[in-house]
Novice: 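Mind having a look at this structure? Questions to follow.
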Amino acid sequence: MKTKISFKFIVGMLVVVALAAYFLFSLNSFFNKENISFYEVEEGSLVKEHTFTGLILRTETVVNSEASGYINFYIADTRKASKDHKVYLVDESGNLKAYMAQHASELSTLNKKKLQEINNYIKKSSENADRVNFSSSYNFKNSLDAMVLEYSDIDALTAMQDDLKRNGISFKDFKAAQSGIVSYNIDGFEEYGIDDITSSMFDISAYQSKRLKSGDLVEKDEPVYKLVTDEKWQIVFEMTTEVVEEFAAKNKLTVSFKDKNITTVADYTTIRAVDGRVYGVLSLDRYLIQFVSDRFVNFEIITNDVSGLKIPEKSVTNKQFYVVPADYRVKDSNGNQGFYKEVLTANGTGTAFVVCDVYNTDDTYCYIDLTNKSELKAGDFVIPGPGSSERYEIGTTKSLEGVYNINKGYTVFKRIERLESANGYCIVKKNTSYGLTVYDHIVLDASTVEEGQVLYK
């Protein structure tokens, strides 16, 4: 017996199949559709920075020990010492430290003010700690030991001379010959000045420094510390030819020491060293104490702080345009701007007024579309006006920098005037003719699209 299929059932099946096919088509279109990301234009700024490593030069004098024995310092590293201030003592017997520990109650204790100074030093050192260079931790300990010794009443030992002698203990303390900042890092560069600069001095891998610590055995006439006696200091740094030219007109530069959170203005000049190379020199009279233990320093020179429209560098592309002399662009009787194009007529050669999309104008040229959509194409002739014998042939091209605007759902080239570039972004001029405005949407990666490409409807 034959089963009769109803007309409604057939229609229903066709609808289901059609919906399924539409669903599969939409799903396939979704997964195969090219994903075009966009960027919303915003106002912003860029700071152009050059990064350098410089060599620090100071007015510094190495002081040698006046006796042999075990050294102890009264002054913490990078602290100022006035003339005749005690800087270190030499324990000729080697037993003074143990004696002081045994007689701590007979020496005066640290008062509240001195304890607060030590606490502040610990806090500051903790904030500026180098988590990579562990030698800074040892330097901190040595400086802390020196502070404690400085704040202790060493003069009380004078009253204990007889007891010290009975215990075979003798020490001598020594004072600063002049005022200055005390540093215990000695590296052999102390004797060098600007006139001694050579490229080999910038080899950080070969750099060595020596630092004595309390308790070390020192021989007479051996270096024990250095005294920095002038607040003025210099940073010498290597430069490329391009950087030399960029800084040529400057005598001051903005310098940023990011590791120390310091930005300042320094006097700038160049020198031609004995090796024939040109080096930059920054001269400063502030912040010496923050760098007194350093010989090499990383810094940045800030040359530009430019504001405008901020866009990603990868949004930028280049497009070729036909160029037409700017003075060939005229207005017709209706006030429309365009060009007089030579055309063939029944009577010979005539002119027709054509209006073209112009993407940019400068003092010399108008830039018009290179595609077949333009009213002017390669080989066409334009004239400044009816009856003129002067003519210009379309064909010369020039490139403009720009981005693809997608405000209308398809890509439209918009030119830009670049002001500065850094860190994957560029700043372009605001309020330019045929250009961008704030909140425009542009293609994030210009290499993924073509002009006129429809992105959405």
Side-chain angles (χ1 to χ4, degrees), residues 47-63 75-83 85 87 117 120-130 133 136 139-140 143 146-147 176 178-187 189-197 201-202 204 207 209 225-239 243 246-247 249-271 279-305:
V47 176
K48 187 174 182 181
E49 300 171 335
H50 295 277
T51 302
F52 302 94
T53 297
L55 174 70
I56 296 176
L57 298 178
R58 297 170 286 252
T59 303
E60 47 196 356
T61 303
V62 175
V63 178
I75 297 180
D77 191 35
T78 74
R79 287 173 68 88
K80 289 185 177 180
S82 58
K83 183 181 178 181
H85 191 290
V87 178
E117 289 184 19
N120 291 340
Y121 176 74
I122 294 173
K123 183 178 179 181
K124 184 177 180 181
S125 298
S126 177
E127 292 172 350
N128 298 327
D130 189 335
N133 181 12
S136 62
N139 294 342
F140 164 70
S143 294
M147 287 184 72
Q178 56 183 320
S179 62
I181 301 171
V182 173
S183 174
Y184 299 119
N185 281 331
I186 300 171
D187 56 13
F189 280 80
E190 291 83 8
E191 61 189 63
Y192 292 121
I194 286 291
D195 295 336
D196 303 307
I197 293 295
M201 297 172 68
F202 293 86
I204 299 178
Y207 176 74
S209 64
Y225 73 96
K226 66 185 176 187
L227 200 62
V228 183
T229 56
D230 195 327
E231 290 288 337
K232 296 179 180 179
W233 56 295
Q234 296 170 310
I235 302 173
V236 184
F237 59 100
E238 297 174 296
M239 296 188 296
V243 173
E246 182 178 346
F247 295 171
K250 299 181 181 295
N251 55 26
K252 291 184 181 293
L253 291 171
T254 301
V255 186
S256 174
F257 305 98
K258 289 190 174 180
D259 291 346
K260 299 183 184 292
N261 196 29
I262 294 173
T263 299
T264 188
V265 175
D267 291 331
Y268 165 75
T269 189
T270 59
I271 59 166
Y279 296 88
V281 181
L282 299 174
S283 300
L284 304 100
D285 56 10
R286 300 176 61 196
Y287 305 112
L288 171 66
I289 201 163
Q290 282 90 338
F291 298 91
V292 77
S293 294
D294 300 321
R295 182 59 65 188
F296 293 95
V297 59
N298 296 322
F299 62 94
E300 294 175 344
I301 292 177
I302 303 170
T303 55
N304 280 318
D305 188 354

Novice: Should we count OH of Tyr207 as having more than 12 external heavy atoms under 6.0 Å?
Specialist: yes

Novice: For Arg295 versus Leu57, what's the shortest heavy-atom pair and its separation?
Specialist: NH1-CA, 4.3 Å

Novice: Is there a donor-acceptor pair under 3.5 Å between the side chain of Trp233 and the backbone N or O of Thr59?
Specialist: no

Novice: When the aromatic ring centroids of Phe257 and Tyr287 are compared, is their separation below 6.0 Å?
Specialist: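 Here the rings of Tyr287 and Phe257 have centres that are no less than 6.0 Å from each other.
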
Novice: I'd like to check His85 versus Arg79 (side-chain heavy atoms, cut-off strictly below 4.5 Å). Are they in contact?
Specialist: no

Novice: Measure up the Phe52 and Phe237 rings against each other and bin them: parallel (under 30°), tilted (30 to 60°), perpendicular (over 60°).
Specialist: tilted

Novice: Mind checking whether Thr303 and Ile301 have side chains closer than 4.5 Å, heavy atoms only?
Specialist: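 Contact flag for Thr303/Ile301 side chains = yes.
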
Novice: Going by heavy atoms in the side chains, are Val236 and Met201 under 4.5 Å from each other?
Specialist: no

Novice: Take atom NZ of Lys250 as the centre, draw a 6.0 Å sphere, and report whether it contains more than 12 heavy atoms from other residues, nucleotides or ligands.
Specialist: no

Novice: For the CZ atom of Arg286 and the OG1 atom of Thr264, what is their distance to the nearest 0.5 Å?
Specialist: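 Separation between the atoms: 5.0 Å.
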
Novice: Write down the atom of Lys252, the atom of Val265, and the distance for their closest heavy-atom approach.
Specialist: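 Nearest heavy atoms, Lys252 then Val265: CB-CG1, 4.0 Å.
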
Novice: How close do Leu284 and Leu282 get, heavy atom to heavy atom, and via which atoms?
Specialist: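 Shortest heavy-atom separation between Leu284 and Leu282 comes out as CD1-O, 4.0 Å.
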
Novice: Would you check if Phe189 and Ile56 make a side-chain contact, meaning some heavy-atom pair closer than 4.5 Å?
Specialist: no

Novice: Nearest heavy-atom pair of Gly180 and Leu227: which atoms, and what distance?
Specialist: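 The pair with the smallest heavy-atom distance is C-CD1, 3.8 Å.
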
Novice: Between CG of Asp230 and CD of Glu60, what distance do you get to the nearest 0.5 Å?
Specialist: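 One finds 11.0 Å between CG of Asp230 and CD of Glu60.
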
Novice: Answer yes or no: is there a side-chain heavy-atom contact under 4.5 Å between Thr263 and Thr254?
Specialist: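 They are in contact (side-chain heavy atoms under 4.5 Å apart), so the answer is yes.
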
Novice: Could you give the distance from CD (Glu231) to CG (Asp285), rounded to the nearest 0.5 Å?
Specialist: 8.5 Å

Novice: Please confirm whether the ring centroid of Phe299 lies under 6.0 Å from the ring centroid of Phe291.
Specialist: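 Between Phe291 and Phe299, which both carry aromatic rings, the centre distance is not below 6.0 Å.
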
Novice: Is there side-chain contact between Ile181 and Arg58, with at least one heavy-atom pair below 4.5 Å?
Specialist: no

Novice: Between Ser179 and Thr229, which heavy-atom pair has the shortest distance, and what is it?
Specialist: O-CG2, 3.7 Å

Novice: Quick one: are Asn251 and Tyr268 in side-chain contact, heavy atoms under 4.5 Å?
Specialist: no

Novice: Just how far is it from atom CG of Asp77 to atom OG of Ser183, taken to the nearest 0.5 Å?
Specialist: 4.5 Å

Novice: Are the side chains of Tyr279 and Glu238 in contact, using a 4.5 Å heavy-atom criterion?
Specialist: yes

Novice: Closest approach of Ile235 and Gly54, non-hydrogen atoms and distance?
Specialist: CG2-CA, 3.7 Å

Novice: Could you go through the side-chain contact (heavy atoms from CB on, under 4.5 Å) check for Leu55 and Phe296 one step at a time?
Specialist: CA-CA 5 Å; Leu55 174 70; Phe296 293 95; 3.8 Å; yes

Novice: What's the verdict on side-chain contact (heavy atoms from CB on, under 4.5 Å) for Lys260 and Val297, showing C-alpha distance, side-chain angles and the deciding distance?
Specialist: CA-CA 10 Å; Lys260 299 183 184 292; Val297 59; 5.7 Å; no

Novice: Could you give the distance from OG (Ser256) to CD (Glu300), rounded to the nearest 0.5 Å?
Specialist: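 The CD atom of Glu300 is 5.5 Å from OG of Ser256, to the nearest 0.5 Å.
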
Novice: Using only atom types and a distance under 3.5 Å, with no angle test, would you say the side chain of Asp267 pairs donor to acceptor with the backbone of Ser283?
Specialist: no

Novice: Just verifying a value: how many Å separate Asn185 CG and Asp294 CG, rounded to the nearest 0.5 Å?
Specialist: 8.5 Å

